[in-house]
Amino acid sequence: MSCLGWLGIIIATSTNDWVTMCKYGLSTCKKMDELEAKGPWAECVISTALYHCVFLTQILDLPAYIQTTRALMITGSILGLPAVGMLLMSMPCINLGNEPQSSKNKRTILGGVLILIVALCGMVSTVWFPIGAHQEQGLMSFGFSLYTGWVGTIFSLLGGCFLTCCSSESSPRAYQDNNRFYYSKQGGGNAPAAPSTNHAKSAHV
């Protein structure tokens, strides 16, 4: 679930179909070539025979919601890489030497925290961007990229919560270190006592 959420964040970051803006109806805007799809990186004009994009290269002149969306989505995409790596190394089928289970639990919790940060970045970006676009130019509908960002945020949030809440330290009996000794009920781990030479004294005791 965390990997799928991270993949959704990456897809939303790399595409520009976040919002669709138009002052008139959909068919009217297509005839007048005024239907626009806007994302963090470009503004695209959509018509029946044209799909033209203008990249937003003037960083200092961009609104605050676009700059914030770029920074947060890039941060979330980068943090997802070490998070997924930690989660893969915490799987039961992978052992790094003779490490105890507690080390895997700590690594899983750290990966879950990073996934939660990825979800937080996606949540702020996918909520603030359509609000800012609506206040600036008027918003008609949401695009594919925005829906993908929402799905990725939800998956990352659920996956991060499961990882951090379900990977806590267990009781000492659940996981034993390699140097722990185990004793049977019969012997109790002790060597058998030598037979007593004085039967009467042993019986009396």
Side-chain angles (χ1 to χ4, degrees), residues 1-19 37-42 62 64-134 139 141-182:
M1 187 179 295
S2 301
C3 292
L4 290 177
W6 178 49
L7 181 61
I9 295 296
I10 292 178
I11 294 175
T13 305
S14 58
T15 54
N16 291 298
D17 191 16
W18 281 54
V19 293
K38 188 173 184 179
W41 309 103
L62 295 175
Y65 73 93
I66 296 181
Q67 297 182 8
T68 305
T69 300
R70 286 182 176 184
L72 290 177
M73 295 300 285
I74 291 176
T75 302
S77 300
I78 294 176
L79 288 179
L81 183 60
V84 172
M86 290 182 182
L87 297 179
L88 292 178
M89 290 189 297
S90 302
M91 296 179 64
C93 58
I94 297 178
N95 293 321
L96 300 179
N98 295 325
E99 63 174 358
Q101 184 65 31
S102 59
S103 298
K104 284 191 174 184
N105 291 340
K106 294 178 181 179
R107 193 159 54 241
T108 303
I109 293 175
L110 182 57
V113 171
L114 292 178
I115 290 294
L116 288 178
I117 296 177
V118 172
L120 181 62
C121 293
M123 183 185 303
V124 175
S125 300
T126 54
V127 171
W128 193 2
F129 189 90
I131 294 176
H134 176 69
L139 175 63
S141 63
F142 302 135
F144 167 77
S145 302
L146 195 62
Y147 287 117
T148 305
W150 283 340
V151 173
T153 299
I154 294 174
F155 277 10
S156 298
L157 184 62
L158 292 177
C161 290
F162 290 154
L163 290 170
T164 53
C165 296
C166 301
S167 300
S168 59
E169 292 291 337
S170 303
S171 61
R173 294 183 179 274
Y175 300 103
Q176 306 292 345
D177 294 335
N178 294 330
N179 296 327
R180 185 75 176 268
F181 293 98
Y182 298 90

Q: Starting from the C-alpha separation in whole Å, work towards a yes-or-no answer on side chain to side chain donor-acceptor pair (under 3.5 Å) for Thr69 and Ser125.
A: CA-CA 5 Å; Thr69 300; Ser125 300; 4.7 Å; no

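- Taking CE of Met73 as the start and OG of Ser145 as the end, the distance is 9.0 Å to the nearest 0.5 Å.
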Q: Starting from the C-alpha separation in whole Å, work towards a yes-or-no answer on ring-ring contact (aromatic ring centres under 6.0 Å, His included) for Trp128 and Tyr65.
A: CA-CA 6 Å; Trp128 193 2; Tyr65 73 93; 7.4 Å; no

In residues 2-13, what donor-acceptor pairs under 3.5 Å come from side-chain atoms, sequence neighbours left out?
residue : atom : partner : partner atom : Å
Trp6    : NE1  : Ser77   : O            : 2.9
Thr13   : OG1  : Ile9    : O            : 2.7
Thr13   : OG1  : Ser77   : OG           : 3.4

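- Residues Gly111 and Ala83 come closest through the heavy atom pair O-CB, 3.8 Å.
- Interatomic distance, CG of Leu110 versus CG of Leu114, reported as 5.0 Å (0.5 Å rounding).
- Residues Leu116 and Ser156 come closest through the heavy atom pair CD2-O, 4.5 Å.
- Listed for the Arg107 side chain is no donor-acceptor partner under 3.5 Å among the backbone atoms of Leu87.
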Q: Just do the side-chain contact (heavy atoms from CB on, under 4.5 Å) check on Leu62 and Arg70 with the steps written out, would you?
A: CA-CA 11 Å; Leu62 295 175; Arg70 286 182 176 184; 3.6 Å; yes

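- Legend: residues meeting ring-ring contact (aromatic ring centres under 6.0 Å, His included) with Phe155, ordered by chain and number and at least two apart, are absent.
- For the residue pair Gly76 and Val118, the shortest heavy atom distance occurs at O-CG2, 3.3 Å.
- Atoms SG and CG, from Cys166 and Asn105 in turn, are 11.0 Å apart once rounded to the nearest 0.5 Å.
- Side-chain atoms of Lys38 and Asn16, non-hydrogen and from C-beta on, never get closer than 4.5 Å to each other.
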Q: I would like to know whether Thr108 and Met86 meet side-chain contact (heavy atoms from CB on, under 4.5 Å); could you show each step before the answer?
A: CA-CA 7 Å; Thr108 303; Met86 290 182 182; over 6 Å; no

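- Here the CE-CD1 distance, from Met1 to Ile154, works out to 11.0 Å after rounding to the nearest 0.5 Å.
- Annotation: the span from Leu72 atom CG to Leu120 atom CG amounts to 8.0 Å, rounded to 0.5 Å.
- Separating the OG atom in Ser102 from the NZ atom in Lys104 is a distance of 11.0 Å, to the nearest 0.5 Å.
- Nearest heavy-atom pair, Thr164 versus Val113, reported as atom, atom and distance to 0.1 Å: CG2-N, 3.7 Å.
- Centroid-to-centroid, the aromatic rings of Trp18 and Phe144 stay 6.0 Å apart or farther.
- Looking at heavy atoms from C-beta onward, Ile66 lies out of side-chain contact with Trp41 at the 4.5 angstrom threshold.
- Side-chain contact between Pro130 and Leu146: present, with at least one pair of heavy atoms (C-beta onward) separated by less than 4.5 Å.
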